[in-house]
Amino acid sequence: MLNPIKLASKNFLSSLDTSCEEFHHILEIAKNFKNNDLNIKLKEKVLGLIFDKSSTRTRVSFQVAMSRLGGTTVDLNPTTSQIGRGEPIRDTARVLSRYCDVLAIRTFKQTDLEEYAKWSSKPVINALTDLEHPCQALADFMTIKEEFLDFKDVVLTFIGDGNNVANSLILCGALLGVEVRIACPKGYEPNSLLIDKAYEIYKNKNLLKITNDPKTAVLGANVLYTDVWSSMGEENQKDEKEKVFNGFTIDSDLVSKADKDAIILHCLPAYRSKEITDEIFESHKSRIFDQAENRLHAQQALLSCIL
Ligand code: CP
Ligand code: NVA
């Protein structure tokens with residue numbers, strides 16, 4: 001039986017907290033969980049969840065993952081706990097890590113997540129920040145692997161806002177050697193420090209392309225991926241962004257320029273007729289709900305490798 005190997009890093013704050021080998025290992029464990037080929041138990045282990053932003057998939061998939069592993073979760077509501085009253089992160093982290101075995105945190109600033117990790121004696125997992133969404137990327141590459149078996153020659157094109165989801169795709173693409181193209185309006189490019197890190201990892205392979213032209217970015221691509229134009233916390237930019245992102249909708253015209261067997265991904269939640277048309281969202285090319293299911297298997301694998 002395949003045994004989970006403990007990750008070298010205590011925490012999973014960024015996609016770069018795993019090596020390429022570890023990333024492949026998590027995907028392999030996740031595949032085995034999905035096929036019911038693994039019976040790993042984390043009996044009596046407790047996962048603490050802190051969500052400063054809304055969540056359906058991440059919250060529930062972590063809860064179900066922990067339940068399947070024989071452990072439990074405590075979902076801390078920031079408004080009814082002292083977190084919402086502004087108790088310092090360093091105090092919350094020191095207390096919670098004496099009760100819980102691992103913490104999954106969704107918050108705004110990556111530096112706040114890092115502060116939790118600094119003061120927590122137990123592993124901390126990034127359940128989304130403004131900068132990264134590494135748990136999402138695990139499920140994304142699991143879904144891509146299910147379709148194409150191998151990452152070799154896969155071209156992944158992300159069309160939309162160069163935000164947390166795009167940042168994590170870039171980092172994982174670099175780690176795995178996948179060609180990643182990002183098409184976004186001017187001024188909405190992914191984080192420049194992360195782009196530089198990705199270029200460093202890719203070495204000089206020219207596999208990361210950032211463009212403002214979605215039509216060239218999709219040419220021959222195997223995976224077309226999008227995310228909401230206005231992320232959580234950016235609600236006040238919605239009207240402006242809808243104007244700027246005009247032309248960045250994944251529609252049948254863009255899909256026709258991709259590889260004929262291309263698949264469509266979306267991290268969800270989606271705004272139909274904004275970043276993606278209903279026709280494409282519901283089309284036979286969509287793997288969006290497999291991708292959402294894979295959040296569960298990937299996080300079950302991550303928990304097994306981090307605990
Ligand atoms: N994709 C994702 O993280 O979804 P939730 O916001 O529902 O957790
Ligand atoms: N970029 C989106 C992802 C949601 C899963 C957001 O941060 O709201």
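What you are looking at is a predicted structure, and each value in this text was computed from that prediction instead of being measured. Whatever order the structure lists them in is the order used to number ligands and atoms, beginning at 1. Note that the numbering runs from 1 along the sequence shown for the chain.
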the protein heavy atom lying closest to atom 5 (C) of ligand 2 turns out to be Leu268 O, 3.6 Å
Report the member of Ala166, Ser54, Ser231, Cys267 with the shortest heavy-atom distance to atom 2 (C) of ligand 2. Ser231
Tell me the closest heavy-atom pair linking Ile26 and Ala301, and the distance in Å. O-CB, 3.4 Å
For atom 8 (O) of ligand 2, state which one of Arg106, Gln136, Met232 supplies the nearest heavy atom. Met232
From atom 6 (O) of ligand 1, work out which of Arg59, Arg295, Arg57, Arg106 has a heavy atom at the shortest distance. Arg106
So, is Met232 polar-close to ligand 1, with some N/O to N/O distance under 3.5 Å? no
Under 4.5 Å between side-chain heavy atoms, hopping through other hydrophobics if needed: is there a path connecting Leu76 to Leu49? no
Are Lys53 and ligand 1 in contact, using a heavy-atom cut-off of under 4.0 Å? no
In this structure, atom 4 (C) of ligand 2 is nearest to the protein heavy atom Leu128 CD1, 4.0 Å
Heavy-atom count around Asn246 CG within 6.0 Å, excluding the residue itself: above 12? no
Report yes if Asp227 has an N/O atom closer than 3.5 Å to an N/O atom of ligand 2; otherwise report no. yes
Salt bridge or not for Glu234 and Lys238, using N-O below 4.0 Å? no
For Asn294 and Thr143, does a side-chain donor sit closer than 3.5 Å to a side-chain acceptor? yes
With Arg59 as the cation and Phe51 as the aromatic partner, state whether NZ or CZ is under 6.0 Å from the six-membered ring centre and within 45° of the axis. yes
Lys41, NZ: over 12 other non-hydrogen atoms inside 6.0 angstrom: yes
Compute the shortest N/O to N/O distance between Cys267 and ligand 1 and return yes if it is under 3.5 Å, no if not. yes
Answer yes if the side chains of Thr249 and Asp251 hold a donor-acceptor pair under 3.5 Å, and no otherwise. no
Minimum heavy-atom distance Glu146-Lys34, with the two atoms named: OE2-NZ, 2.8 Å
For Leu268, which part has a heavy atom under 4.0 Å from ligand 1: side chain, backbone, both, or neither? backbone
Would one find an N or O of Gln136, backbone or side chain, under 3.5 Å from an N or O of ligand 1? yes
Which of the atoms of ligand 1 are close to His133, meaning less than 4.0 Å from one of its heavy atoms? 2 (C), 3 (O)
Numbering the atoms of ligand 2 from 1, which are under 4.0 Å from a heavy atom of Asn164? 1 (N), 2 (C), 6 (C), 7 (O)
Here the atoms of ligand 1 under 4.0 Å from any heavy atom belonging to Thr56 are 5 (P), 7 (O), 8 (O)
